[in-house]
Amino acid sequence: MTKMADSSVGVVEGCRLPVLRKNQENEDEWPLAEILSVKEIPGRKLYYVHYIDFNKRLDEWVTPDRLDVKKLQFPKKEAKTPTKNGLPGSRPSSPESEVRKSLDLNLQTATAPSRGKTLPTPKRKAESVSLATQVSPATPVPSLPGSVEASQASVYPAVRDTNTFNLKSNARDDHEQLTSLTTNGTAPRPMPNQPGRKRKQPPNCGGTDEIIKVFQYNNSPRCANVYLQPGEDSQDSSDGIPSTPRMTGSLVSDRSHDDIVTRMKNIDCIELGRHRLKPWYFSPYPQELTTLPILYLCEFCLKYLKSLKCLQRHLTKCNLRHPPGNEIYRKGTISFFEIDGRKNKTYSQNLCLLAKCFLDHKTLYYDTDPFLFYVMTEYDSKGFHIVGYFSKEKESTEDYNVACILTLPPYQRRGYGKLLIEFSYELSKVEGKTGTPEKPLSDLGLLSYRSYWSQTILEILMDLKPDNGERPQITINDISEITSVKKEDVISTLQYLNLINYYKGQYILTLSEDIVEGHERAMQKRHLRIDSKCLHFTPKDWSKRGKW
């Protein structure tokens with residue numbers, strides 16, 4: 001280790017080398033890391049490292065003795081295009097070449113399908129999901145439109161070695177938004193056809209109006225038949241290009257604005273009430289506060305202060321014991337407050353600054369006017385303590401019912417995340433709409449939504465009972481209306497669970513015993529649920545500017 005420390009003088013920003021860290025089993029490992037910054041403190045140097053292919057929240061300052069300089073990789077110099085004079089630089093483009101490029105671009109957009117006008121979404125390592133969906137050769141499946149199956153493959157990998165089947169749409173809108181579910185920015189990958197066997201193509205089928213009949217086989221798993229209504233073929237198949245990244249709202253997938261400053265955590269520790277939090281990501285707090293060992297926050301108004309004495313003095317003046325706004329839900333110790341980003345601008349901005357410490361892709365900090373914030377709190381004798389929150393646009397043209405969603409680290413893995421998601425859909429039910437979260441989702445957000453959608457849909461399917469001796473019927477539209485989950489999310493969840501199969505000219509939903517038992521175990525652990533009777537919420541028509 002001494003040799004490593006002595007030779008670390010040549011390590012500069014941009015270098016890559018193995019760095020010692022502890023894994024989840026508390027064992028030593030040497031993953032490859034990139035040096036993002038170097039600083040000197042009295043007596044030694046410190047290096048800020050990002051572990052390659054690891055989430056940014058694991059980035060940290062390390063000492064020289066943790067660096068393996070024997071495998072040091074220096075940053076590569078960018079190649080420069082020589083000019084006619086032989087000097088480095090870029091060739092100036094001629095007017096003819098510019099015109100030719102614009103003509104080529106216009107030709108491509110004119111000849112491509114409607115979805116071909118969008119740009120590919122940049123890749124995000126944290127949310128990359130395996131595309132390897134295994135297909136069993138036992139039951140061949142007719143190929144269906146690529147947009148549904150490819151977007152499914154990107155987000156929802158198969159959970160077992162059985163067939164993944166897709167519902168064919170009879171309307172352009174039925175799978176218009178499906179490719180927006182791809183979070184890793186890769187082009188959709190079509191499912192391979194089964195070799196050696198052919199099956200007659202089924203009649204044209206409706207994507208969301210198909211009837212689902214539930215029945216019981218003797219000594220066999222519970223199944224549901226999906227009878228597809230005849231309809232016209234969809235003309236809007238995917239051309240393999242994902243939808244454009246969202247450039248408005250509170251989340252974007254374009255990371256081109258990142259620089260070395262925003263890639264580094266700038267706050268060491270936050271004290272919020274009785275909790276001390278270690279931030280995961282950069283947050284644009286004032287520069288003078290980033291050098292403090294601890295940043296103090298008032299847990300009721302979220303104002304940031306530089307010292308404990310300042311916080312104590314502030315608490316003598318702060319009259320808040322709960323978030324500002326209207327309390328629209330209370331059951332037991334759990335309450336939800338609705339906060340208008342325009343009427344309570346300071347609180348909303350402070351909430352966004354806190355949330356940015358734990359959300360890598362959040363970009364909304366100050367323009368809070370178009371948003372509503374729903375803050376979940378836990379009550380005790382001292383007041384209402386913030387647990388988590390979600391925000392949503394007052395007017396969403398894309399049916400988003402959540403913009404950002406966060407459970408603070410001290411309250412994670414206790415069921416609060418699903419409670420926030422369930423509450424967002426409860427609001428959508430009152431509004432009479434279906435909703436979906438704004439993309440891209442973070443890695444933890446994606447897992448939470450997958451789990452919530454799966455449990456909610458399975459709960460409905462398992463509660464279906466025979467009616468007058470006939471198998472009960474339900475359509476995907478019915479599931480969407482009951483849950484307020486958007487149709488595309490319903491279809492993708494069914495595919496993620498591998499429930500959809502093609503059998504004797506029909507699509508059926510097969511609920512295996514493993515799925516049923518796993519769902520029952522999960523529901524036994526889910527103690528926190530939203531009670532719609534405790535919700536006092538009246539939706540507003542935000543299209544009228546006077547409501548703002």
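Residues take their numbers from the sequence shown, with the count starting at 1. Reckoned from all heavy atoms, side chains included, excluding hydrogens, waters and symmetry mates. Quick caveat: nothing in here was measured; it's all calculated off a predicted structure.
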According to the interplanar angle, ranging from 0 to 90°, do the rings of [X] and [Y] count as parallel (below 30°), tilted (30 to 60°) or perpendicular (above 60°)?
X      : Y      : value
His322 : Phe384 : perpendicular
Phe390 : Tyr374 : parallel
Tyr452 : Tyr425 : parallel
Tyr411 : His275 : perpendicular

Self-check item: Gap between atom CD of Glu438 and atom OG of Ser396 - 0.5 Å precision
Solution: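 Ser396 OG to Glu438 CD: 7.5 Å, rounded to 0.5 Å.
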Exercise. Give, for atom CD of Glu338 and atom CD of Glu327, the distance between the pair rounded to the nearest 0.5 Å.
Key: 12.0 Å
Please check if the side chain of [X] supplies one atom and the backbone of [Y] the other of a donor-acceptor pair under 3.5 Å.
X      : Y      : answer
Lys439 : Pro437 : yes
Asn23  : Asn26  : yes
Thr316 : Arg313 : yes
Asn326 : Ile339 : no
Thr456 : Trp453 : no
Ser428 : Ser424 : yes

Quiz item: Run the side chain to side chain contact (heavy atoms under 4.5 Å, CB included) check on Asp531 and Cys534 step by step: do they pass?
Solution: CA-CA 6 Å; Asp531 186 352; Cys534 300; 3.8 Å; yes
Donor-acceptor side-chain pairing of [X] and [Y] below 3.5 angstrom:
X      : Y      : value
Ser543 : Asp541 : yes
Lys418 : Ser451 : yes
His519 : Gln455 : no
Asp478 : Thr475 : yes
Tyr281 : Arg57  : yes
Tyr51  : Glu60  : yes

I'd like to know if [X] and [Y] make a salt bridge, using a cut-off of under 4.0 Å between side-chain N and carboxylate O.
X      : Y      : value
Lys265 : Asp59  : no
Glu422 : Arg526 : yes
Arg529 : Glu459 : yes
Asp340 : Lys394 : yes

Exercise. Under the side chain to side chain contact (heavy atoms under 4.5 Å, CB included) rule, what do Ile457 and Leu499 come out as? Steps first, then yes or no, please.
Key: CA-CA 11 Å; Ile457 293 171; Leu499 300 184; 5.8 Å; no
In the structure I gave you, are the side-chain heavy atoms of [X] and [Y] within less than 4.5 Å of one another anywhere?
X      : Y      : answer
Val387 : Thr377 : no
Ile421 : Ser448 : yes
Pro293 : Asp268 : no
Thr333 : Asp380 : no
Thr434 : Lys487 : no
Asp489 : Ser492 : no
Trp280 : Pro409 : yes
Ser391 : Leu372 : no

Quiz prompt | Worked verdict on Glu481 versus Lys429 for salt bridge (Lys or Arg N to Asp or Glu O under 4.0 Å) | solution = CA-CA 8 Å; Glu481 290 174 6; Lys429 292 177 186 178; over 6 Å; no
Quick check on [X]: does its [atom1] atom have over 12 non-hydrogen neighbours (other residues, nucleotides or ligands) under 6.0 Å away?
X      : atom1 : answer
Lys303 : NZ    : no
Lys22  : NZ    : yes
Gln24  : CD    : no
Arg413 : CZ    : no
Lys433 : NZ    : no
Glu288 : CD    : yes

Heavy-atom pair of closest approach, residues [X] and [Y]:
X      : Y      : answer
Thr262 : Phe282 : O-CB, 3.2 Å
Pro323 : Val375 : CG-CG1, 3.9 Å
Glu378 : Ile334 : CG-CD1, 4.4 Å
Ile405 : Leu420 : CD1-CB, 3.8 Å
Gly341 : Thr368 : O-OG1, 2.8 Å
Glu426 : Leu535 : CG-CD2, 3.9 Å

Self-check item: Derivation and outcome, side chain to side chain contact (heavy atoms under 4.5 Å, CB included), residues Leu461 and Ile479
Solution: CA-CA 9 Å; Leu461 295 179; Ile479 297 175; 4.3 Å; yes
Quiz item: Can you list the steps and then say if Tyr449 with Val402 is a side chain to side chain contact (heavy atoms under 4.5 Å, CB included)?
Solution: CA-CA 11 Å; Tyr449 268 96; Val402 166; 3.4 Å; yes
